[in-house]
There are 2 protein chains.
Amino acid sequence: MIRISSRELAERMGLTASQIRQDLNCFGGFGQQGYGYNVTELHAQIGKILGVHAGNKTILIGVGNLGKAIAQHIDFEKRGCKLIGIFDSNHALCGKQIAGVTVDPIETLEAFCAANHPVMAVLCIPKTAAHDLAHQLVKLGVRAFWNFSHYDLRLEHEQEQIIVENVHLGDSLMTLAYGLQHQGDAHE
Amino acid sequence: MIRISSRELAERMGLTASQIRQDLNCFGGFGQQGYGYNVTELHAQIGKILGVHAGNKTILIGVGNLGKAIAQHIDFEKRGCKLIGIFDSNHALCGKQIAGVTVDPIETLEAFCAANHPVMAVLCIPKTAAHDLAHQLVKLGVRAFWNFSHYDLRLEHEQEQIIVENVHLGDSLMTLAYGLQHQGDAHE
DNA sequence: TAGATTGTTAATCGATTAACAATC
DNA sequence: TAGATTGTTAATCGATTAACAATC
């Protein structure tokens with residue numbers, strides 16, 4: 001496929017054509033009147049906007065079931081990130097390779113950050129540990145957090161902005177439970 | 001803690017007091033003027049609205065890294081769901097116990113559904129398999145989907161509404177990559 | 001040129017916020 | 001009763017949709 005119209009994009013994504021055109025225009029005029037959008041170029045432009053080639057240095061902390069699954073299941077490179085370190089407090093897990101990265105003891109975290117300057121951290125640790133560890137990581141220069149602990153992180157820094165994505169999978173599941181309970185309620 | 005005001009709830013959740021009061025009021029007058037909300041009662045009411053005690057019968061399909069992590073990491077009971085079956089097409093995995101449930105071969109899915117009538121399915125399978133399997137499950141009576149495949153499900157049914165939560169973890173990671181790229185841009 | 005489809009402005013809609021009377 | 005805080009309405013804001021002139 002060479003080109004695509006805002007109408008077809010809208011259909012595929014479940015949005016309106018207006019929304020597609022207006023949103024894309026916030027970032028620049030990627031289309032051409034009477035023609036539509038060149039798929040290859042649009043894809044490249046959106047990739048550039050999102051920063052999918054930035055290779056942001058990323059570390060992952062906590063290699064329980066979830067941490068291991070995230071490390072192996074997510075294509076970090078494709079999303080603009082590069083997994084350069086994995087840490088766990090359980091020394092029995094250290095030394096193992098996960099997604100091509102060796103698990104290191106949490107005690108080496110500080111030295112690792114000083115040497116490698118990761119900008120992003122994936123937190124797959126219990127909620128009790130999340131707050132303190134996150135604040136420590138901010139001090140070590142981490143500027144973005146992908147937080148899978150159940151603790152809702154809100155981080156501050158004097159100079160720079162800290163970005164947090166709190167992932168609450170349980171909420172997503174509860175949304176379904178709510179939907180099932182209210183299936184057949186009016187106005188649906 | 002016995003009681004809480006809309007103002008304090010708002011602070012804790014990063015919302016406004018107005019929003020808390022208006023939203024809660026959509027479901028009923030749980031508060032009392034001059035007093036606030038009784039925490040115990042509010043918690044119970046919200047639980048009832050969400051349906052966290054419904055015990056919706058749930059099956060999980062696909063026991064790769066992610067499927068295994070979801071099964072073990074998520075407290076289904078707490079979110080109104082009960083994991084009653086796990087299936088995989090890889091027979092080497094069948095017979096194993098995960099989260100207290102035995103993994104069964106995918107070939108037994110149809111008979112299982114006929115016998116046990118699950119209403120929810122967790123899809124931890126490749127995107128190529130998601131569409132067809134989901135449609136099959138709809139025919140077998142499943143009404144809610146928690147979809148971790150990268151395929152965006154949109155399901156229809158003549159009589160009943162089908163509910164879908166498409167979880168795209170990659171999007172969440174890209175949001176962070178975008179944020180890092182545009183840190184320091186104006187108006188922040 | 002005629003047809004198609006964008007970029008962009010104006011109109012609509014819904015959600016958030018502010019305000020305040022009701023009332024515990 | 002006085003103070004506090006809800007329930008609820010009105011005002012504001014932003015996002016979505018519709019419309020259309022620009023233009024490829």
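Letters go in sequence order (proteins before strands), and every chain restarts at 1. Heavy-atom basis, side chains included; hydrogens, waters and symmetry copies ignored.
- Of the two residues contacting DNA chain D, namely Gln22(A) and Gly29(B), the nearest-nucleotide position lying further toward the 5' end is that of Gly29(B).
- Of the residues near DNA chain C, Gly34(B) and Arg21(A), the one whose nearest nucleotide (by heavy atom distance) lies more toward the 5' end is Arg21(A).
- Comparing Tyr35(B) and Ser18(B), the nucleotide of DNA chain D nearest to each residue sits closer to the 5' end for Tyr35(B).
- Residue Gln33(B) contributes atom CD, which lies 5 Å from atom C1' of dT23(C) at whole-angstrom precision.
- For the pair Glu8(A) CD and dT6(C) P, the computed distance is 11 Å after rounding to whole Å.
- Pair assignment for dC20(D): dG7(C), on the basis of Watson-Crick or G-U wobble contacts that are both within less than 3.5 Å.
- Using modelled atom types and a 3.5 Å distance limit, the side chains of Glu107(A) and His91(A) yield a donor-acceptor pair.
- Of all nucleotides listed (dT6(C), dG7(D), dT16(D)), dG7(D) comes nearest to the side chain of Asn25(B).
- In this structure, CG of Asp23(A) is placed 7 Å from P of dT16(D), rounded to the nearest angstrom.
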Take Ile61(B) and Leu137(B) through the side-chain contact (heavy atoms from CB on, under 4.5 Å) test and state the conclusion after the steps. CA-CA 11 Å; Ile61(B) 296 140; Leu137(B) 286 166; 3.7 Å; yes
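- Spacing between atom CD of Gln19(B) and atom C1' of dC13(D) amounts to 13 Å, rounded to whole angstrom units.
- Figure legend. dG14(C) is base-paired to dC13(D); pairs are counted as Watson-Crick or G-U wobble with both atom distances under 3.5 Å.
- Using a 4.0 Å cut-off, no side-chain N or O of Ser6(A) falls inside it from OP1 or OP2 of dT5(C).
- The aromatic rings of Trp146(A) and Phe148(A) sit perpendicular to each other, their planes meeting at more than 60°, with 30° as the lower class boundary.
- Taking a 6.0 Å sphere around CD of Gln97(A), one finds it holds more than 12 heavy atoms contributed by other residues, nucleotides or ligands.
- With a 6.0 Å radius and a threshold of 12 heavy atoms from other residues, nucleotides or ligands, His135(A) has its NE2 atom above the threshold.
- The side chain of Ser5(B) lies closest to dT6(D) when the candidates are dC24(D), dT6(D), dT8(C).
- In this structure, Leu24(B) atom CG and dT17(C) atom P are separated by 15 Å, rounded to whole Å.
- Counting to the nearest Å, the P atom of dT16(C) and the CE atom of Met13(B) are 13 Å from each other.
- Spacing between atom OH of Tyr37(A) and atom P of dC24(D) amounts to 14 Å, rounded to whole angstrom units.
- Of the candidate nucleotides dT6(C), dT6(D), dT17(D), dT17(D) has the atom nearest to the side chain of Thr16(A).
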